[in-house]
Every structure is written in C-alpha cells, then in structure tokens.
There are 2 protein chains.
Amino acid sequence: MARSDKSALPGGTAMLVLALLKEREMYGYQIIEELEKRSNQVFRLQEGTLYPLLHSLERDKLVTARDQETPSGRRRRYYRITAAGLRALEEKKEEWQVYSRAVTAILAGA
Amino acid sequence: MARSDKSALPGGTAMLVLALLKEREMYGYQIIEELEKRSNQVFRLQEGTLYPLLHSLERDKLVTARDQETPSGRRRRYYRITAAGLRALEEKKEEWQVYSRAVTAILAGA
DNA sequence: ATAATATACCTAGATATTCTAGGTATAGGA
DNA sequence: TCCTATACCTAGAATATCTAGGTATATTAT
C-alpha cells in the first residue's frame, strides 16, 4: 500500500478488501480506485499487491470469482465475498479494534 | 509483534518503542515488558524483533545507548530518545492518525 | 547444593507482505 | 495514429517480523 513512508497495515489489506466486497461484488481495478477514493487518497493499493492478494483470498475460499465482459469487450474479473469471508472480516475487524485501541493507549502515554 | 494471526503494524513498532522512550530511558527487556503491560497483553515484541530494531534506531540516531550494570552485576543497555527521535515520533504519530482514520472510514462502509 | 526458571543481551535464517518493474491486451480520446 | 486509461497478470526485490537458536548471570525452587 503506497504511502509516504512505504509502510502498510499487515493483514489489514485483506480486511479492507473484504470490507468493500461486503457491500457488493467488485473487480480488481475497481477495488483499487474505491479504496483510494474512500480513504481520501490516504492509500492506493499497488496492482502487484492486490492481484496476488485476491488470488490468495480465492484460494482460501473467502471470495469467489467470475469473469465478465463489458459491452465494449473488456474483460473484468468480479469477486464476491463468501460466508467464510464474512466471518473472516468480522474477526479481522475485531482484531483491528483491539489493536488500534492498544496503540492509542501507548501513544497516549502512562 | 506476536498476535493471534502473526501480523503486525509496519513501522508501527518503531513508533511504539519511541513513544515509551519519550517518557524515560529504558533497556530492551524492559521495553518488551512495558509494551505488553500497557497494551493489556495485546502485543508482546519478540526479542528477535526488538533488538535489531533498537540497533537500527541507534544507527539512524533516533536513540542513543549506554551500558550499565545493576548492583547485582547484570548488564543492561539503556536507550534514550534523541531530538531527531522525538521528531520522528511526531511524524509517525501523525501518520498513524491519518491511517487509522482512513481504515475506520472504510470499515464503516459507504 | 543443585536444578530450573527468569533476566538480559544477541544473531542467522525463514517467512510473510508489499513494492518495483516489468508484461499483455483492449478502449477511448487527441 | 499515438497516447493514455483500463484491466488483468507475474517475478524478483525489499522490508518487517518471527522462529529458533546462542551466551551468560541472577533468582527461585527442590
């Protein structure tokens, strides 16, 4: 995830992608743009990050994929979240809450 | 940083360590325990993560180090944050705020 | 007294994640 | 016609963290 200092949120990328897919099925390129838009340009996934990630989510059965052509003939691969994916999302969200609260506590000091 | 799913917050570990050192100088083992305590056991740095990290912070002049023996003869290496370290901490905190707000926005949905 | 555990430092190599830097192909606009 | 945007992909590099060791002394339990 491209940010000023090159760092990212580990495991978090999958969580964000699953969160988008919870709303509706989307194709890869669209996920990148949505994520950028909704974060107000805070992060923009690199294609080299997203596509392999989608493949691993599919392998783990957290999403399913189907190909579809646009009227103009362009190929798109749509991803849809599965029941297991929804469960995984809830878990990751819970972890994120716990984690960010702990970080906040430490930053706030003694 | 040991968590249930093995993931961590990249760059975040340095931020947390610097946040502790802002309060007072500390030695490595102590940092591990303080971090665990203040996060309510949410994370516990592995020694193999912390010691190399402290060395890189020292190399980058964000901290300075000095050795000291306890009355009983045990060696401890104390780390103190530098002015550059304080600046780096403020930057990382700002990034964290921006980042966590963006994540929250995406998790909250459209 | 001795054994086991805790303290305290360290490193090398494996693993996981993301990035860089390419590649392919089509659509649409200048 | 050429350039940019769309849309997919992968290989290899870079980075961060973990695993799994190692050394040594102090403290606690047997």
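Hydrogens, waters and symmetry mates are skipped; everything else that's a heavy atom, side chains included, is used. All chains are named by letter (A, B, ...) in the order of the sequence lines, taking the proteins before the strands, and each is independently numbered beginning at 1.
Distance A:E33 CD to D:dA5 P: 11 Å, rounded to the nearest Å. Between A:Q68 atom CD and D:dA7 atom P there is a gap of 12 Å when expressed in whole angstrom units. Following rounding to the nearest Å, A:L53 (CG) and C:dT17 (C1') show an atom-to-atom distance of 10 Å. In this entry the distance linking CD of A:Q46 with C1' of D:dT15 reads 15 Å, nearest Å. In this structure, B:I32 places its CD1 atom 13 Å from C1' of D:dT17, rounding to the nearest Å. Distance CZ (A:R59) to P (C:dA16): 10 Å, rounded to an integer number of Å. At whole-Å resolution of the value, CG in B:D60 and C1' in D:dA16 are 14 Å apart. For A:M15 and C:dA16, the CE to C1' distance is 17 Å, given to the nearest whole Å.
Annotation: the span from A:I31 atom CD1 to A:E36 atom CD amounts to 14.0 Å, rounded to 0.5 Å. Atom CD1 of B:I81 is separated from atom CE of B:M26 by 12.5 Å, given to the nearest 0.5 angstrom. With values rounded to the nearest 0.5 angstrom, A:L50 atom CG is found 8.5 Å from A:L57 atom CG. Atom-to-atom distance recorded for B:K37:NZ and B:Q30:CD is 9.5 Å, nearest 0.5 angstrom.
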Show each protein N/O and nucleotides 9-12 of chain C N/O combination with a separation under 3.5 Å, one pair to a line.
| from | atom 1 | to | atom 2 | distance (Å) |
| --- | --- | --- | --- | --- |
| C:dC9 | OP1 | B:R77 | N | 2.9 |
| C:dC9 | OP2 | B:G28 | N | 3.3 |
| C:dC9 | OP2 | B:Y29 | N | 2.5 |
| C:dC9 | OP2 | B:Y51 | OH | 3.0 |
| C:dC9 | N4 | B:E47 | OE1 | 2.5 |
| C:dC10 | OP1 | B:H55 | NE2 | 3.4 |
| C:dC10 | OP2 | B:H55 | NE2 | 3.3 |
| C:dC10 | N4 | B:E47 | OE1 | 3.2 |
| C:dT11 | OP2 | B:H55 | ND1 | 3.3 |

Could you pull out the protein-nucleic contacts involving nucleotides 26-30 of chain C (nitrogen or oxygen on both sides, under 3.5 Å)?
| from | atom 1 | to | atom 2 | distance (Å) |
| --- | --- | --- | --- | --- |
| C:dT26 | O2 | A:R74 | NH1 | 3.0 |
| C:dT26 | O2 | A:R74 | NH2 | 3.0 |
| C:dA27 | OP1 | A:S72 | O | 2.4 |
| C:dA27 | O4' | A:R74 | NH2 | 2.7 |

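Considering only heavy atoms from C-beta on, B:L54 stays 4.5 Å or farther from B:E58 through its side chain.
Within the 3.5 Å criterion, the main-chain N or O of B:K61 finds a donor-acceptor partner in the side chain of B:T82.
Of the residues B:Y79, B:Y51, B:Y78, the one that meets the ring pair (Phe, Tyr, Trp, His ring centres under 6.0 Å) test with B:Y27 is B:Y78.
No salt bridge links B:R76 with B:E25; every basic N to acidic carboxylate O contact stays at or beyond 4.0 Å.
Within a 6.0 Å sphere centred on CZ of A:R80, other residues, nucleotides and ligands contribute 12 heavy atoms or fewer.
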